[in-house]
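A quick note: this is a predicted structure, and the numbers were derived from the prediction, not measured. Just so it is clear: chains get the letters A, B, ... in the order the sequence lines come, proteins before strands, and each one is counted from 1.
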Amino acid sequence: MAEENEIQHLRYDPAEIEPKWQRIWRDEKTWHVSNKPDERAKSYVLEMLPYPSGEPHMGHLKVYSVGDALAHYRRRRGMRVLHPMGYDSFGLPAENFAIKTGRHPRESTEAAIAEFRRQFETWGISIDWDREFGTHQPTYYRWTQWIFLKLFEAGLAYQKEAAVNWCPNDQTVLANEQVVDGACERCGAAVEIKQLKQWFFKITEYAERLLDDFAKLESWPDNVITMQRNWIGRSEGAEVVFRCEEMGIDYPVFTTRPDTLFGATFFVMAPEHPDVLRLVEGTEQEAAVRDYVNAAARKSKEERGSDDKEKSGVPLGRSVVNPVNGEPIPMYVSDYVLMEYGTGAIMAVPAHDQRDYEFANKYGVEIRQVIAPAGDDGTPVDIAGDLARAAYVSSTESDVLVNSGDFSGKSSVDAKREITGWLAADGRGNATVNYKLRDWLVSRQRYWGCPIPVVHCPSCGTVAVPEARLPVELPDVDDYVPKGKSPLAAATDWVNVTCPECKGPAERETDTMDTFVDSSWYFMRYTDARNDREAWHRAVLNEWMPVDNYIGGVEHAILHLMYARFFTKALHDLGLVGAVEPFKNLFTQGMITRDGAKMSKSKGNVISPSSYVERYGADTARCYILFIGPPDQDADWADEGVEGVHRFLARLWRLGVEVSRRAENASGVLAPGDSADALGESALAVSRKAHWAIDKVTGDMVGRFAFNTAIAAVMELVNEIYKHKDALYQGAAEDHAALRFATATAASLLFPFAPHLGAEVYEMLGGERVWEVNWPTADQSFLAADTITLIVQVNGKVRDKIEASADAGQDDLIALARASERVSAHVEGKETVKEIVVPGKLVNLVVR
RNA sequence: GCGGAUGUGGCGGAAUUGGUAGACGCGCUGGCCUUAGGAGCCAGUGGGCGAAAGCUCGUGGGGGUUCAAGUCCCUCCAUCCGCACCA
């Protein structure tokens, strides 16, 4: 007993255990994986690339706790696991910090990387550090530039002047995806629209395949797919040509409702439409239109974008001809028409489009009904009363056309097809598909990014920098303050070059790339990260790709995940990549909140992983973050919960120490005897529980990431061992063996979540390294119990629970149920209507 | 407005196929051990009535299907998240 007391007072000290294992893993490069294939199946487990700034936050702790558990589990299931790490180290925050402090972004970024790496090592995550890189390193961005040139050669990277989003605060353009509610995603400033010449990637060319290939994904959260689908915004319809006879110009418009063409009573152009001013030049409308266009240009996206805003517009004094009936209809300019969607001009059908309806009402344009709902007999229903209040927009199967010439009486569905076909035959239109998706604007007027590897030559135009001269290195500058053009423009020594083609004087492109470009291919570079002759060796890349499990936050549902899909497809088409989709399975982890709210500096509720890792150890922090709830859901961090998990780990550690010292009649961790029969009651109980836990944890790991219930199962196992350990210490060799087996199993099962403690306790008991031991398998003979607890219900209410033999037949179970006093009290004197038996589980007697 | 998700004890959450609601943990209560303990170990813990046995109510509200519903169907409510003049 003296020994028992002594053990009780031993202290679980992660500060000693954790560095010990981390040293072994680092020195032995335990998690390094070779690119040489072997008989093992590959598995590529990847968490989203971290942006290194300050120190890692709780979101990082969560994502790596999830990913690392999976990586460990896969390795011990005999797989060859690629689990790398890197840093998304170009970007605005580092540059803004540089502006404030004068410190070079490279310095602050590399300091942050060092801190991230240091902390990741203290977390004990199983990373192949030989593949580590930062996207800001010339050895990396050389290949970002190379990919840019490949896209440029293929015509997928191009320059155009366009109305683009401009953030006045960050002094740079933004991609559509980076504008949220009309504001800059990063700094929140109201975004302006500017006409600028910019670089784009032709993601629109891949719109259809980005949609189709959702079918090729194994498991992605539905909400992410839905968000991408909405963002791509595919709609089927027709392009219909309206001719302006006075000017002799054809104006095509896109419509999803060609069946409403007979109801088009006016025509509207976006203020940015290049022909608007030309149409009114020299007319009495010119001044009014010019004012309207200028006012629209000054408005922020937000001001223009709200749908509750009252419609406004100005007549152009011109008309176009409705191709279905030859009727001239008036033209207007209005900011409710968007230049970036469709053709920047619309046909307006006020009776059947709410926006057109509001405009027509305000400016007194005719509202002509051409669609009506059909009654039960198929004839049009009178909805004149409804139309006095709002447009009739519904497009049900049963709608029919009215006031539509030869098409009157036809169904809406048929009319769409027939009218489109009729117009197409005359060259006045055709069926088309339109997308909301815009091309990806990738140039940024900022310093801390990957230089765009092209040269502008007065005689040769835009010329690619030859591959052999990559990387185009980012030069040092003194002043990072953006002035509407890239700070790189001031580095004149760097800007002025000779044209690679004519050798004449030329200038480098001074814009840098959006950092989302850097992160659109990093998962490919990991496969061959030290290759300095090419971005990757094709065979190596194809061996690892696609990523089997990609884990990260849902905030990247559209941006990063869609860009990465696009890159993979484009590079596939160029014959550079075998995979068509980069991420076979996607897991989006929920946020860690504090007091129910998102952590933020302004709320002052930010807690950092490092304080918990220092106080309780990494194993506690990692287990807690997994135990708190299902990893795909948001979870609120509670310090009491951390204490609880820490207590559990300490309990297991003490158990390990005690069992290794006191269960000395057996050694090793082998399971006792083949059969459960040979064991005493306690030995059988802990063995059973151990096999049950193996089965439970394995089930929770496969297919779903139910780490919370997996950890709970190990807790149950430990509780069971505690209950029986004193009896077992008194016992014989097989009792000690059972105790060792059960305790080692707990350590083994916990290893993916608490790798240091798992390794420590396993070593105490078996002397082996747990990660070199296969994942345990449950012995079925220990899972099947001889007895079951029979639930006896009367009229669906539980009245008794009876121990019954597992192989009892239906009649036996009913007899057993009826024999119960508690049951008979409810059955006595009543007629039995039905007897339901669920074998091995339950009997329900239905009485009246 | 459109689309999606969620709703279970005092709290975080379990319940994999319709079959014991509340596993596991926190908190709380009691006991043991201890010079002491904010350490450790053991036990109890959804609400109501009851000394107990037991009865009864109970998974956001209402309705339904079923021998049986947290789970399936209808409907309403609340919260959160996307999208939002996309023709």
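The same atom, C1', is picked in B/G50 and in B/C55; the two are 9 Å apart, to the nearest Å. Using atom P as the reference point in both B/C57 and B/A69, the two lie 12 Å apart (nearest Å). Comparing the same atom, C1', in B/C77 and in B/A53 gives a spacing of 41 Å after rounding to whole Å.
A ring pair (Phe, Tyr, Trp, His ring centres under 6.0 Å) check over residues 826-848 of chain A, counting only residues at least two apart or in different chains, returns nothing.
Applying the 4.0 Å criterion to OP1 and OP2 of B/G54, one finds that A/R822 has a side-chain N or O inside that range. Close to B/C41, at under 4.0 Å from its OP1 or OP2, lies a side-chain N or O of A/R651. Applying the 4.0 Å criterion to OP1 and OP2 of B/C55, one finds that A/R799 has a side-chain N or O inside that range. Phosphate proximity of B/A84 to A/N230: absent, as no side-chain N or O sits under 4.0 Å from OP1 or OP2. Between A/H826 and B/C55 there is a side-chain N or O to OP1 or OP2 distance below 4.0 Å. Distances shorter than 4.0 Å separate none of the side-chain N or O atoms of A/R229 from OP1 or OP2 on B/G4.
The aromatic rings of A/Y251 and A/F267 sit tilted, their planes meeting at an angle between 30° and 60°. Between A/Y332 and A/F266, the two ring planes are perpendicular [angle over 60°; tilted spans 30° to 60°]. Ring-plane geometry between A/H646 and A/Y616 is classed as perpendicular, the angle between the planes exceeding 60 degrees on a 0 to 90 degree scale with a lower cut at 30.
B/G82 adopts an anti glycosidic conformation, its chi angle falling more than 90° from 0.
Ionic pairing of A/E835 and A/R818 is present here: one or more N-O contacts between side-chain nitrogen and carboxylate oxygen are shorter than 4.0 angstrom.
Remark: the A/K723 side chain and the B/C42 base include no donor-acceptor N/O pair separated by less than 3.5 Å.
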What one-letter contact string describes nucleotides 10-16 of chain B from 5' to 3', where B marks a base within less than 4.0 Å of any protein heavy atom, S marks contact via sugar-phosphate atoms alone, and - marks no contact?
--BSSSB

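Stacking of A/K311 on the aromatic ring of A/F359 is not recorded, the 6.0 Å distance cut-off and the 45° axial limit not both being met.
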